[in-house]
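Below, read A as the first sequence line, B as the second, and so on, with proteins coming before strands; counting in each chain starts at 1.
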Protein chains: 2
Amino acid sequence: MASETHKEYLKRFGEHLASLRKERKISYRKLAQICDVDFADIRRYEKGEINMTFSSLIELSKGLAVPLKDLMDF
Amino acid sequence: MASETHKEYLKRFGEHLASLRKERKISYRKLAQICDVDFADIRRYEKGEINMTFSSLIELSKGLAVPLKDLMDF
DNA sequence: AAAAGTGTAGGGTTATAACCCTACATTCGC
DNA sequence: GCGAATGTAGGGTTATAACCCTACACTTTT
């Protein structure tokens with residue numbers, strides 16, 4: 001995949017993710033510690049650089065304490 | 001990933017996906033044709049066998065004409 | 001009855017996400 | 001001022017999703 005359209009979605013999602021994390025005032029490393037995701041990858045998610053998996057989304061929703069459907073509402 | 005918990009989520013999501021497709025009375029092959037996803041993989045998603053990516057979720061939401069957040073509400 | 005469509009299942013290749021690491025400049029707390 | 005924390009960036013390895021295919025039994029359509 002990774003069409004132009006998808007990259008746009010990824011970017012938008014990344015911004016949403018970043019804003020959720022910042023609202024909670026936690027760092028990449030802190031969030032990575034809470035959920036089972038590498039901090040370097042969280043950064044890449046927020047930059048929209050990688051096409052994360054379902055599992056990663058679950059972990060992020062857990063780590064940010066946001067229902068999955070809200071995490072995906074952007 | 002693919003912890004036991006994640007597999008459980010994947011299964012639940014798969015059931016949700018299957019019910020959305022069946023509501024629309026379309027086959028694996030038909031859905032695969034609408035969205036840019038392989039029919040064999042759609043089957044595997046519904047069975048909860050694979051940990052799909054963000055892009056695949058976007059495609060499925062497009063193909064099923066369901067907002068992403070609703071696709072993720074299960 | 002024949003043809004088309006469907007669910008199921010398996011497999012092979014390639015691209016890439018997950019998972020680790022290091023390093024450094026800047027910011028913040030003390 | 002100093003040390004800790006943070007954002008940033010890059011890289012290497014391994015597991016696996018995406019992307020193709022074939023095949024077959026069963027159901028539906030014509």
Side-chain angles (χ1 to χ4, degrees), chain A residues 1-66 68 71-72 74, chain B residues 1-66 68 71-72 74:
Chain A
M1 282 294 96
S3 67
E4 250 0 88
T5 319
H6 287 181
K7 283 184 196 163
E8 203 46 57
Y9 271 100
L10 253 346
K11 269 193 84 138
R12 291 237 321 280
F13 175 78
E15 286 161 17
H16 178 54
L17 189 60
S19 88
L20 287 169
R21 181 179 59 82
K22 286 169 185 166
E23 274 172 22
R24 285 156 186 72
K25 298 190 196 306
I26 53 180
S27 67
Y28 291 143
R29 286 170 177 87
K30 183 67 182 171
L31 180 55
Q33 189 182 329
I34 305 172
C35 42
D36 192 20
V37 179
D38 187 62
F39 90 94
D41 288 332
I42 293 179
R43 190 192 136 268
R44 290 184 265 246
Y45 300 156
E46 291 192 4
K47 302 293 175 192
E49 290 175 5
I50 62 185
N51 186 15
M52 79 212 67
T53 64
F54 187 88
S55 282
S56 299
L57 291 168
I58 299 288
E59 284 299 312
L60 292 169
S61 109
K62 187 184 88 186
L64 292 165
V66 182
L68 190 55
L71 182 63
M72 300 307 275
F74 59 98
Chain B
M1 280 292 95
S3 69
E4 246 6 83
T5 319
H6 288 182
K7 283 184 198 163
E8 203 45 58
Y9 271 100
L10 251 349
K11 269 194 84 138
R12 291 238 318 283
F13 175 79
E15 286 161 16
H16 178 54
L17 189 60
S19 90
L20 287 169
R21 179 178 60 84
K22 286 170 184 167
E23 274 172 22
R24 285 154 186 73
K25 298 190 196 307
I26 52 179
S27 67
Y28 291 144
R29 287 170 177 86
K30 182 67 182 170
L31 180 55
Q33 189 182 330
I34 306 173
C35 42
D36 190 19
V37 179
D38 187 64
F39 90 92
D41 289 331
I42 293 179
R43 190 193 137 265
R44 290 184 264 246
Y45 299 156
E46 291 191 4
K47 302 293 174 192
E49 289 174 5
I50 63 185
N51 186 17
M52 79 213 66
T53 64
F54 187 87
S55 283
S56 298
L57 291 168
I58 299 287
E59 285 299 312
L60 291 169
S61 108
K62 187 184 88 186
L64 292 165
V66 183
L68 189 54
L71 182 63
M72 299 307 274
F74 59 97

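In this structure, I26(B) and V37(A) both approach DNA chain C, and ranking their closest nucleotides by distance from the 5' end singles out I26(B). Two residues, R43(A) and F54(B), neighbour DNA chain D, and the one matched to the more 5' nucleotide by heavy-atom proximity is R43(A).
Atom CG in N51(A) sits about 8 Å away from atom P in dA18(D), given to the nearest Å. In this entry the distance linking NE2 of H6(A) with P of dA17(C) reads 13 Å, nearest Å. In this entry the distance linking OH of Y28(A) with C1' of dT8(D) reads 8 Å, nearest Å. Computed from coordinates, the Q33(B) CD to dG5(C) P distance equals 10 Å when rounded to whole Å.
A heavy-atom distance below 4.5 Å is found between the side chains of V66(A) and R24(A).
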Report, one pair per line, the protein and nucleotides 20-29 of chain C atoms (nitrogen or oxygen only) whose separation is under 3.5 Å.
from: dC20(C); atom 1: N4; to: D38(A); atom 2: OD2; distance (Å): 3.2

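For dA18(D), the OP1/OP2 oxygens have a side-chain nitrogen or oxygen of T53(B) closer than 4.0 Å. Distances shown here put a side-chain N or O of K47(B) below 4.0 Å from the OP1 or OP2 atom of dT8(C). An OP1 or OP2 oxygen of dA18(D) is reached within less than 4.0 angstrom by a side-chain nitrogen or oxygen of S56(B). At the phosphate of dA18(C), OP1 or OP2 sits under 4.0 Å from a side-chain N or O atom of Y45(A).
Near DNA chain C, defined here as any heavy-atom distance below 4.0 Å, there are no residues from residues 17-25 of chain A.
Note: L31(A) CG to R43(A) CZ = 14.5 Å, rounded to the nearest 0.5 Å.
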In residues 13-21 of chain B, what donor-acceptor pairs under 3.5 Å come from side-chain atoms, sequence neighbours left out?
from: H16(B); atom 1: NE2; to: D70(B); atom 2: O; distance (Å): 3.2
from: H16(B); atom 1: NE2; to: L71(B); atom 2: O; distance (Å): 3.2
from: S19(B); atom 1: OG; to: H16(B); atom 2: O; distance (Å): 3.1
from: R21(B); atom 1: NE; to: E46(B); atom 2: OE2; distance (Å): 2.6
from: R21(B); atom 1: NH1; to: I26(B); atom 2: O; distance (Å): 2.9
from: R21(B); atom 1: NH2; to: E46(B); atom 2: OE1; distance (Å): 3.0

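For the salt bridge (Lys or Arg N to Asp or Glu O under 4.0 Å) test, no residue two or more places apart in sequence or in another chain qualifies with K11(B). Taking R44(A) as the reference, D41(A) meet the salt bridge (Lys or Arg N to Asp or Glu O under 4.0 Å) condition, with sequence neighbours excluded. By the side chain to side chain contact (heavy atoms under 4.5 Å, CB included) test, K62(A) is found to be paired with E59(A), residues two or more places apart in sequence or in another chain being considered. Residues satisfying the side chain to side chain contact (heavy atoms under 4.5 Å, CB included) test with R29(B), not counting sequence neighbours, are S27(B), F39(B). With sequence neighbours left out, K30(A) forms a salt bridge (Lys or Arg N to Asp or Glu O under 4.0 Å) with no residue at all.
Under a cut-off of 6.0 angstrom, the local environment of OH in Y9(A) is sparse, with at most 12 non-hydrogen atoms contributed by other residues, nucleotides or ligands.
Comparing the end axes of the helix from dA1(C)-dT30(D) to dC30(C)-dG1(D), each fitted to five base pairs by superposing C1' atoms of four pairs onto the next four, gives an inter-axis angle of 60° (nearest 10 degrees).
The two residues A32(B) and V37(B) come nearest to each other via the heavy atoms CB-O, 3.0 Å.
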Checklist entry - Going 5' to 3' along nucleotides 25-30 of chain D, which nucleotides have protein heavy atoms under 4.0 Å from the base (write B), which only from the sugar-phosphate (write S), and which from neither (write -)? => result ------

